[in-house]
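Inspection log for the structure reproduced underneath, given as structure tokens.
Chain letters run A, B, ... following the sequence lines, proteins first and then strands; every chain starts at 1. A quick note: this is a predicted structure, and the numbers were derived from the prediction, not measured.
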There are 2 protein chains.
Amino acid sequence: MSPADRVPDVVIGRIPLYLRTLSQFQAQGIRITSSKELAAVLGTSADQIRKDLSHFGGFGKQGTGYHISYLVGQLKRILHADREWEVALVGAGSLGSALLNCKEINRRGFAIVAAFDRDPTRIGSQAGGVTIQDGRHIEDEIGLRNIKLAILAVPGPAAQQVADTLVASGIRGILNYSGLALRVPEEVMVQDMDPAAHLQRMTYYLG
Amino acid sequence: MSPADRVPDVVIGRIPLYLRTLSQFQAQGIRITSSKELAAVLGTSADQIRKDLSHFGGFGKQGTGYHISYLVGQLKRILHADREWEVALVGAGSLGSALLNCKEINRRGFAIVAAFDRDPTRIGSQAGGVTIQDGRHIEDEIGLRNIKLAILAVPGPAAQQVADTLVASGIRGILNYSGLALRVPEEVMVQDMDPAAHLQRMTYYLG
DNA sequence: TAGATTGTTAATCGATTAACAATC
DNA sequence: TAGATTGTTAATCGATTAACAATC
């Protein structure tokens with residue numbers, strides 16, 4: 001398929017997982033792989049992997065498979081992961097701080113460059129190389145720096161209000177750790193990181 | 001549709017989100033809602049909500065809508081969220097500790113009743129009402145208590161080895177915060193909570 | 001060359017959307 | 001009753017799976 005047609009979102013959701021596993025292969029010193037091998041590790045099918053990749057072009061060689069370093073480069077390009085993305089964090093409690101100090105997020109191309117909280121005892125303190133700012137400065141700071149991604153790590157009730165502020169600031173994607181459903185305009189993306197919801201998805205299958 | 005046929009997993013994934021929003025309605029004092037109203041808040045369609053619910057039976061009244069307290073009760077029953085699930089946590093670093101102290105997880109029916117780490121400075125300390133145990137006791141403790149769910153919050157390289165231990169202990173579902181792809185047997189479920197992967201899913205759509 | 005594996009086309013399967021009769 | 005909304009059936013749409021020619 002040609003690279004120009006619209007790629008289903010479900011496919012977009014799988015590309016980061018392919019990239020993640022390919023990077024693990026790379027770290028293990030593996031240089032070449034096949035859709036079959038990748039599928040075995042990921043628990044999907046080789047057919048699906050080849051079909052997914054074909055939305056963007058041909059990256060392999062018949063009879064051989066894929067050069068991992070090349071494919072990793074291409075997938076990064078596709079996901080726009082070939083540059084560093086600035087991210088704002090709202091909520092510098094224990095969860096927010098853990099994310100601030102998470103090296104893995106950084107290694108994968110994201111830099112948390114601004115952090116906010118409304119608790120005066122936290123404002124002004126340092127964590128993960130940034131200074132926690134007063135939540136009142138969210139709109140100024142995000143607007144000024146033109147930040148497009150935010151991590152929402154405030155607990156419960158305040159989440160919607162903060163989300164509104166983030167949207168007003170120009171944020172286009174929210175990683176939502178609040179455990180609440182957020183109402184946002186259609187053009188703003190939300191990825192829910194809700195432990196209870198994900199656990200419930202599994203308890204359905206357990207007696 | 002009759003309650004007995006196989007329900008698609010994509011539907012199961014949405015039920016916790018319906019439940020979550022209905023609970024929010026409840027907290028706001030709203031007692032009755034409709035598929036239309038719910039869809040507006042969730043950003044989906046009324047058709048889809050009704051179709052999803054119909055897999056399990058009929059919970060509403062024509063012309064009226066749904067009694068929220070009744071529907072909440074039914075969805076909890078369907079997800080087996082009408083009882084408390086014991087959860088094991090492996091990795092009591094900053095992220096693991098944040099989860100241990102997360103009240104929201106508890107309110108939604110999950111109790112982290114055992115926590116493990118391999119760092120001697122953490123072993124024996126208290127957090128969120130449990131004592132951090134030596135990781136060597138994972139298999140004994142989980143087997144003994146018959147725990148079926150685990151949260152994996154160890155960083156990078158150790159994750160696969162811990163996952164193997166969890167599987168051997170009888171764990172059936174893993175909430176995976178490690179940021180690595182896990183290889184598990186088919187009968188074990190994994191939910192990936194990988195911030196970088198979820199952010200990349202959004203950066204695809206941003207220039 | 002022979003074997004392996006890709007990228008793509010065709011066939012199947014499944015999910016979403018639309019429509020509507022039933023009924024509160 | 002009239003208006004509203006459900007649960008379900010039918011129609012459409014889209015994704016997955018299967019198959020295979022191309023070719024390394």
Side-chain angles (χ1 to χ4, degrees), chain A residues 1-15 17-18 21-22 25 30-75 78 186 201 204, chain B residues 1-15 17-18 21-22 25 30-75 78 186 201 204:
Chain A
M1 247 177 228
S2 94
D5 56 6
R6 209 182 162 284
V7 180
D9 181 62
V10 64
V11 173
I12 302 305
R14 287 191 292 256
I15 303 292
L17 305 183
Y18 299 163
T21 297
L22 288 164
F25 282 179
I30 305 171
R31 304 178 82 105
I32 289 176
T33 190
S34 66
S35 57
K36 192 176 163 190
E37 185 179 32
L38 198 49
V41 173
L42 283 159
T44 64
S45 74
D47 282 342
Q48 185 169 72
I49 291 173
R50 291 206 307 283
K51 188 80 166 84
D52 283 355
L53 295 180
S54 78
H55 284 101
F56 304 100
F59 307 114
K61 292 204 202 315
Q62 287 101 324
T64 309
Y66 302 90
H67 279 92
I68 294 176
S69 66
Y70 176 70
L71 185 53
V72 162
Q74 292 301 303
L75 296 187
I78 289 162
E186 207 180 1
R201 187 174 186 156
Y204 170 79
Chain B
M1 246 176 229
S2 93
D5 58 5
R6 206 181 165 286
V7 181
D9 181 62
V10 65
V11 174
I12 302 307
R14 287 192 291 257
I15 302 293
L17 306 183
Y18 299 164
T21 297
L22 288 164
F25 282 0
I30 305 171
R31 304 177 82 104
I32 289 176
T33 190
S34 66
S35 57
K36 192 176 163 191
E37 185 178 34
L38 199 49
V41 173
L42 283 158
T44 65
S45 73
D47 281 342
Q48 184 170 74
I49 291 174
R50 292 205 308 280
K51 189 80 167 85
D52 284 355
L53 295 179
S54 78
H55 284 100
F56 304 100
F59 306 115
K61 294 207 199 315
Q62 288 99 324
T64 309
Y66 303 90
H67 279 92
I68 293 176
S69 65
Y70 176 71
L71 184 54
V72 162
Q74 292 300 303
L75 295 187
I78 288 163
E186 206 180 0
R201 187 173 187 158
Y204 170 79

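Shown here for B:Ala39 and B:Ser45, the closest heavy-atom pair between the two residues is CB-C, 3.5 Å. Closest heavy-atom contact between B:Val41 and B:Phe25: CG2-CZ, 3.7 Å. A pairwise comparison of heavy atoms in B:Val72 and B:Leu22 identifies CG2-CB, 3.7 Å as the closest pair.
Taking only side-chain atoms of A:Pro8, from C-beta outward, the nucleotide of D:dT17, C:dG7, D:dA15 with the closest atom is D:dA15. Listed nucleotides: C:dT6, C:dT16, D:dG7. Nearest to the side chain of A:Gln62: C:dT6. The side chain of B:Ser34 lies closest to D:dT6 when the candidates are D:dT6, D:dT9, C:dA10. Candidate nucleotides D:dT6, C:dT16, C:dG7 were compared by shortest atom distance to the side chain of B:Tyr66, and D:dT6 ranks first. Side-chain proximity of A:Asp47 to the nucleotides D:dA18, D:dG7, C:dT8 is greatest for D:dA18.
Rounded to an integer number of Å, the gap from CZ of A:Phe59 to C1' of C:dT8 is 15 Å. The CD1 atom of B:Ile49 sits 18 Å away from the P atom of C:dA15 (whole-angstrom rounding). The separation between B:Glu37 atom CD and D:dT5 atom C1' is 13 Å, rounded to whole Å. Rounding to whole angstrom units, CZ of residue A:Phe56 and P of C:dT6 are separated by 17 Å. Whole-Å rounding puts the A:Leu38 CG to C:dA4 C1' distance at 17 Å. Rounding to whole angstrom units, CD of residue A:Gln48 and P of C:dC13 are separated by 17 Å. With rounding to whole Å, B:Asp52 atom CG is found 13 Å from D:dT8 atom P. One interatomic measurement links the two molecules: CZ of B:Arg50 to P of C:dA21, which rounds to 15 Å at whole-angstrom precision.
Shown here, C:dA22 forms a base pair with D:dT5; the pair counts as Watson-Crick or G-U wobble because both key distances fall under 3.5 Å. Here D:dA10 sits opposite C:dT17 as a Watson-Crick or G-U wobble pair (both hydrogen-bonding atom distances under 3.5 Å).
A side-chain contact (heavy atoms from CB on, under 4.5 Å) with B:Leu53 holds for exactly one of B:Val11, B:Leu38, B:Leu75; it is B:Leu75.
Between A:Ser35 and C:dT5 there is no side-chain N or O to OP1 or OP2 distance below 4.0 Å.
Side chains of A:Tyr18 and A:Asp52 form a contact here, defined as non-hydrogen atoms less than 4.5 Å apart.
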